[in-house]
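Only one structure is covered here, and it is reproduced in the block below.
Side chains are part of it too, since the values below use all heavy atoms of this structure and drop only hydrogens, waters and symmetry mates. As the structure lists them, so they are numbered: ligands from 1, and atoms in each ligand from 1.
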Amino acid sequence: MTIELTPLPFEASQLEPFISERTVLLHHGGHQAAYVKNLNAMLEGDERNLIEVIGDSSGAMFNNAAQVWNHEFLWNSLAPAGQGPSSEVDEELSRAFGSTDSFLTQLIQAASGHFGSGWAWLVSDGSGLQITTTSNAEMPSLATSQPLLTIDVWEHAYYLDYQNRRPEYLETVLRNLINWQHLEEQLILSTTLTHRS
Ligand code: MN3
C-alpha cells in the first residue's frame, strides 16, 4: 500500500514563537516527507500497512517506516500553546511522578540526557506510566505499551531555532506545546492494553 504524508494537525505557524514556521515546514515537508518517499520506494507491490511493516522489517525499511510513525505521533503530541491537562490527566501524572510539573522536569531531563538522535516518550505499559528514550528511529514496543506522548531530539527538530541548546528547546516546547487532549485520549486507549496480548 502507498504510505501518505499525513497533513499537520495545525498550521505550521501555530507553534510560534516556540517552534518557528520554518522549522515545522522543513521538518514535515523535508524530513518526514523523505521518510515517506524512501519507504514507498521500498514497498512497491507490498500490501502491508505501516504498523505491519514496522513489526516485521529491519534496516532501512524499519528505519523509514518507524520514522513515519514517530513523526505522525509527534505532531499529534503537540498543539498550539494555551492548553493544560485535565484534572484526570493531572491526577495520573501526579500518581506516577509526584506532580505534572515533576513529570515535565523528568521528561526534559531524560530527553536532554539522551545521547545522539532519538526520541523521548511517555508510555503506559498497562501497569503504570514510564518515561523512556529510544535511539534513532526506534520506538517503544507497540505490542506491550501505549505511547502517550513523544518529543523528537534529532537535531533537525530544533537546530534552526535553538542551535545546540537542546535543553532550552525541550524546556520551551514541553512547557508550552503539549497536546494534553491527545495525551488523555492515548491514556484512555492504554486501559485496553491488558486485553491486547
Ligand atoms: Mn524529526
Side-chain angles (χ1 to χ4, degrees), residues 2-43 50-51 53-55 57-81 104 107-123 131-142 145-179 182-183 186:
T2 303
I3 306 298
E4 306 287 342
L5 176 63
T6 54
L8 291 167
F10 38 72
E11 296 298 319
S13 61
Q14 281 186 292
L15 303 186
E16 292 199 338
F18 310 109
I19 305 178
S20 69
E21 179 177 25
R22 185 171 169 232
T23 289
V24 173
L25 289 175
L26 187 65
H27 199 170
H28 178 257
H31 293 275
Q32 187 178 348
Y35 297 126
V36 170
K37 186 169 176 244
N38 294 341
L39 182 61
N40 280 323
M42 288 183 269
L43 282 180
L50 185 60
I51 295 291
V53 173
I54 288 168
S57 66
S58 59
M61 190 180 283
F62 171 82
N63 286 337
N64 282 284
Q67 284 294 78
V68 171
W69 193 93
N70 291 344
H71 282 89
E72 287 178 8
F73 198 79
L74 167 70
W75 300 124
N76 286 325
S77 293
L78 302 178
L104 289 171
L107 180 62
I108 290 162
Q109 272 174 5
S112 297
H114 180 81
F115 186 80
S117 294
W119 301 82
W121 305 84
L122 174 67
V123 303
I131 290 169
T132 182
T133 66
T134 57
S135 291
N136 302 319
E138 295 287 337
M139 60 172 68
S141 164
L142 299 180
S145 65
Q146 175 69 50
L148 308 182
L149 166 76
T150 195
I151 189 72
D152 191 339
V153 297
W154 285 60
E155 286 184 345
H156 67 230
Y158 60 88
Y159 222 82
L160 288 177
D161 297 333
Y162 297 90
Q163 290 80 52
N164 60 334
R165 302 188 304 276
R166 186 196 283 189
E168 186 186 327
Y169 150 73
L170 291 165
E171 188 75 35
T172 305
V173 168
L174 290 172
R175 291 200 186 273
N176 290 284
L177 299 179
I178 287 181
N179 185 340
H182 182 256
L183 192 160
Q186 302 309 111

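- Judged as a side-chain contact (heavy atoms from CB on, under 4.5 Å), and not counting sequence neighbours, the contacts of T133 are A110, H114, A120.
- At a cut-off of 2.8 Å, H156 is counted among the residues with an N, O or S atom near the Mn ion (ligand 1).
- Aromatic rings of F73 and H182 (six-membered ring for Trp) have centroids within the 6.0 Å cut-off, being under it.
- Taking the Mn ion (ligand 1) as reference, the nearest N/O/S atom within D152 carries the name OD2.
- With the Mn ion (ligand 1) as vertex, H71 NE2 and H27 NE2 subtend 90°, rounded to 10°.
- Taking the six-membered ring for Trp and the full ring otherwise, the centers of H71 and W154 sit at least 6.0 Å from each other.
- The CG atom of N176 sits 9.5 Å away from atom CD of E171, with the distance rounded to the nearest 0.5 Å.
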